[in-house]
Each structure stands twice: as structure tokens, then as C-alpha cells.
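Notes for the one structure printed next.
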Amino acid sequence: MRVATLNLWARHGSWSRRRQLLIDGLRDLDPDLVALQESVVTDDYDQVVDLLGPGYHVVHQEGGEADGTRASIASRWPLREVRQMRLDVTSRVDPSEFAGWVGLAEVLVPELRGVPLLFVNHKPSFRLGHEHERELQAVRAARLVEEVAGDGDRVHVVVAGDFDAPPESAGVRFWAGLQSLEGMSVAYRDVWRWAHPDAPGHTFTPVNPLVRSGNWPLETGRRIDYLFVRCHGNGPTLRLVNCRQIFDHPVDGVWASDHFGLMADLEAMP
């Protein structure tokens, strides 16, 4: 089972050139489950369908921004129960922005031998000074997952997304089981750290010129895009086969997005 997450950067920059690079890259990657952020959906255009092509079941964040920017989930297999929630946890979270949201969908993956999987796309607040909000959003999102998932023996959970926070932040540490928040604790395996424990893995970095040429001219580089696998008992419920960054280099001088994405191949435990 191949899962991926990517912030598409809407249709900013040289969209016609970026679009072809994303189409070629995503179709070559051929993921089974995809969490997308800053996807664009309007009355006459669906960016997710445009880029992934046919063969996917897609659910979009309800509402979104005025220009259609939102978050989306795509699956090779039919989506069963779908839940989504706004995470307007304080007055500083602007409800007109798509950030501050979590969505999840239940998927029956044939290789998981009848055990359902919850695929979660989490997009908390993005402003640097909003770690308080991101902490509250992490707790609220995790509670929604626990409400739907119940006991870990009966369901797998993969959480993906652009968290806009580095691994040492409280919200990300909470997901990784390294600290509690608001009287709650969970345990998820950070897939990148699992595969590459000594690599910084920056996904938002000035190596990509789209970063500093945009709204982040002083950006020094952070790992802010994640895949997590829920743990139960003595460890994660899925085995990691492979994990790498995607869209992390230019093609003919074109960068696909201002973020690097992440993919992982996961399989059932024997």
C-alpha cells in the first residue's frame, strides 16, 4: 500500500509548467492513498482529478477558501465512513482560511485482510506564532480519530498532512507519543524518522527557490510534512517497507511545489 502527502501550492507560480510536472510525477508514483493540501476545487475545475486522473475516489474539504483552495483525500479504493471537522479552536483561527481542519475516511484495503484503515488528512494553523492553536488542533483531531477508530486491534490509522510545525514542536511531539496535551496522549510512529533517523528531511526549505521567492524570504528550512502510523500494544500496526521524499528536485528548472512531499510503502504485519 503506497501512501503520499503533498501540499500542491494551489495554482500559484508557473502553473502550466508545474501542472505537467505534477501529473507526470503523481502518475509515475501511482499512490493508493493521497492527502493533498492547497488543492483547488471550483464549480468548473477539480485539481485533484486533473492531476491524479481517473481511478480514484475523492473527498474534498467542505467550504474551503474563496478561490477554491482546500484540502483533499484520494483513494484507490472506495471511501466508506467520511468525517471532517473545522478546528477553529481559538479566535485567532480565521474560518475563511482552509487551514484549521481535519478529515478522515475509512478504507478497506485488500492487502490488510479485512481490517479497515482510517486515512487522515490533518491541516492545522500555519502561522509561526500559533503553536498554541496547533496543540489544541492536534488534540481535537486525535480525539476524532479515537472516536471513529476505537480499539487499535480492529483498525489501522495513517495520519498525513502539512502540519506547519517541526518535529520538536509540542503538537508534533504529541502525535509521536513523546508528550501529552490537554490531559490526552496518543502514540503514532513518525514514518520519516522511522526510516531515516539521522536525516533532517526538511520539506519546506530554501533549497527550493519557490520558498524564499514567496511569503517566506527568511526561511531556513523545516520538516513540516508528515506521515504517521498509529501504534497499538508494542508498536505500529503496519510494517514500513520504504519512505522517501517526492518532488524534491526540479525537472528542467521547474519545481512542482513550494513543499516537498512524502511517500511511504506500508504493509500488514505477518
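Note that the structure is predicted; figures quoted are calculated from it, not measured.
- Distance alone, capped at 3.5 Å, is enough to place a donor-acceptor pair between the Arg212 side chain and the Glu219 backbone.
- Using a 4.0 Å cut-off between charged side-chain N and carboxylate O, Asp50 and Arg11 make no salt bridge.
- With values rounded to the nearest 0.5 angstrom, Glu106 atom CD is found 6.5 Å from Glu81 atom CD.
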Original post:
Given Ser75 and Leu33, is the side chain to side chain contact (heavy atoms under 4.5 Å, CB included) satisfied, shown in steps?
Top reply: CA-CA 5 Å; Ser75 168; Leu33 295 165; 3.4 Å; yes
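- Placement of Leu87 and Val139 within a single hydrophobic cluster is found when ILVMFWY residues are connected by side-chain heavy-atom separations under 4.5 Å, directly or transitively.
- When atom types are taken as modelled, the side chain of Gln61 and the backbone of Phe98 share a donor-acceptor pair closer than 3.5 angstrom.
- Under the 3.5 Å distance criterion, the side-chain polar atoms of Arg2 are matched with a main-chain donor or acceptor of Leu29.
- Between the side chain of Glu133 and the backbone N or O of Thr90 there is no donor-acceptor pair closer than 3.5 Å.
- Checked against the 6.0 Å centroid threshold, Tyr226 and Tyr188 do not count as a close aromatic pair.
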Original post:
Going through the distances and angles, do Glu111 and Glu267 end up as a side chain to side chain contact (heavy atoms under 4.5 Å, CB included)?
Top reply: CA-CA 7 Å; Glu111 289 77 8; Glu267 64 182 14; over 6 Å; no
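- Judged purely by atom type and a 3.5 angstrom limit, Arg223 has no side-chain atom pairing as donor or acceptor with the backbone of Thr203.
- Atom OG of Ser257 is separated from atom CG of Asp248 by 12.0 Å, given to the nearest 0.5 angstrom.
- When side chains are defined from C-beta on, Ser125 does not count as touching Arg127, because their heavy atoms never get closer than 4.5 Å.
- Side-chain polar atoms of Ser169 and Glu135 form no donor-acceptor pair below 3.5 angstrom.
- Rounded to the nearest 0.5 angstrom, Ser185 OG and Phe174 CZ are separated by 7.0 Å.
- Salt bridge annotation for Glu131-Arg134: present, with a cationic side-chain nitrogen under 4.0 angstrom from a carboxylate oxygen.
- Here the side chain of Arg143 pairs no donor or acceptor atom with the backbone of Met184 at under 3.5 angstrom.
- The distance from atom CG of Leu36 to atom OG1 of Thr5, rounded to the nearest 0.5 Å, is 7.0 Å.
- Following chains of ILVMFWY side-chain contacts shorter than 4.5 Å, one cannot reach Val115 starting from Leu108, and the two form parts of different hydrophobic clusters.
- Of the N and O atoms on the side chains of His130 and Asp164, not one donor lies less than 3.5 Å from an acceptor on the other residue.
- When all heavy atoms of Val211 and Asp258 are compared, the pair lying nearest together is CG2-O, 3.3 Å.
- Here the side chains of Asp225 and Gln245 are not in contact, with every heavy-atom distance at 4.5 Å or above.
- Between His122 and Phe163, the angle of the ring planes goes over 60°, which puts this pair in the perpendicular group of the 30/60° scheme.
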**OP:** Applying side chain to side chain contact (heavy atoms under 4.5 Å, CB included), run through Glu146 and Arg230 and close with a yes or a no.
**Re:** CA-CA 10 Å; Glu146 293 302 305; Arg230 187 174 185 241; 2.9 Å; yes
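- In this structure, His12 NE2 and Ser213 OG are separated by 11.5 Å, a value rounded to the nearest 0.5 Å.
- Annotation: side chain of His60 is not in contact with side chain of Gln47 (no heavy-atom distance under 4.5 Å).
- Nearest heavy-atom pair across Pro31 and Ala4 is CB-CB, 4.3 Å.
- Using modelled atom types, no side-chain atom of Arg76 and backbone atom of Val109 make a donor-acceptor pair closer than 3.5 Å.
- When each of Val3, Leu240, Asn242 is tested with Asp265 by the rule side-chain contact (heavy atoms from CB on, under 4.5 Å), just one qualifies, namely Asn242.
- One hydrophobic cluster holds both Val158 and Val59 under the rule that ILVMFWY side chains link at heavy-atom gaps under 4.5 Å.
- Between Leu6 and His259, the closest heavy-atom pair is CD1-O, 4.0 Å.
- Under the rule for a side-chain hydrogen bond (donor to acceptor under 3.5 Å, both in side chains), Glu65 has no partner lying at least two apart in sequence or in another chain.
- Between Cys243 and Trp192, the shortest heavy-atom contact is SG-CE3, 3.9 Å.
- Thr237 and His232 are not linked by any side-chain donor-acceptor pair at a separation below 3.5 angstrom, with hydrogens and angles left out of the test.
- Each of Leu104 and Leu79 belongs to its own hydrophobic cluster when Ile, Leu, Val, Met, Phe, Trp and Tyr are linked at side-chain heavy-atom distances under 4.5 angstrom.
- Applying the side-chain hydrogen bond (donor to acceptor under 3.5 Å, both in side chains) criterion to Asp44, with sequence neighbours excluded, gives Thr42.
- In terms of the side-chain hydrogen bond (donor to acceptor under 3.5 Å, both in side chains) criterion, residue partners of Trp101 (sequence neighbours excluded) are, by chain and number, Gln84.
- Between Lys123 and Glu97, no side-chain nitrogen of the basic residue sits less than 4.0 Å from a carboxylate oxygen of the acidic one, so the salt-bridge criterion is not met.
- Proximity of a side-chain donor or acceptor of Arg27 to a complementary backbone N or O of Leu51 within less than 3.5 Å is detected.
- A donor-acceptor contact shorter than 3.5 Å links the side chain of Arg70 to the backbone of Gly68.
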Subject >> CA sep, side-chain torsions, deciding dist, call: Leu238, Leu117, side chain to side chain contact (heavy atoms under 4.5 Å, CB included) >> reply: CA-CA 10 Å; Leu238 295 168; Leu117 179 140; 4.2 Å; yes
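- The minimum heavy-atom distance between Asn121 and Ala71, with the atom names listed, is ND2-CB, 3.9 Å.
- The OH atom of Tyr56 sits 14.5 Å away from atom CD1 of Ile73, with the distance rounded to the nearest 0.5 Å.
- For Asp67 against Val40, the heavy-atom pair with the smallest separation is O-CG1, 3.8 Å.
- The 12-atom threshold is not exceeded at CD of Glu62, counting heavy atoms of other residues, nucleotides or ligands nearer than 6.0 Å.
- In terms of hydrophobic clustering, with Ile, Leu, Val, Met, Phe, Trp and Tyr side chains grouped at heavy-atom distances under 4.5 Å, Trp9 and Phe126 are assigned to different clusters.
- Using a 4.5 Å heavy-atom threshold, the side chains of Leu26 and Phe247 count as touching.
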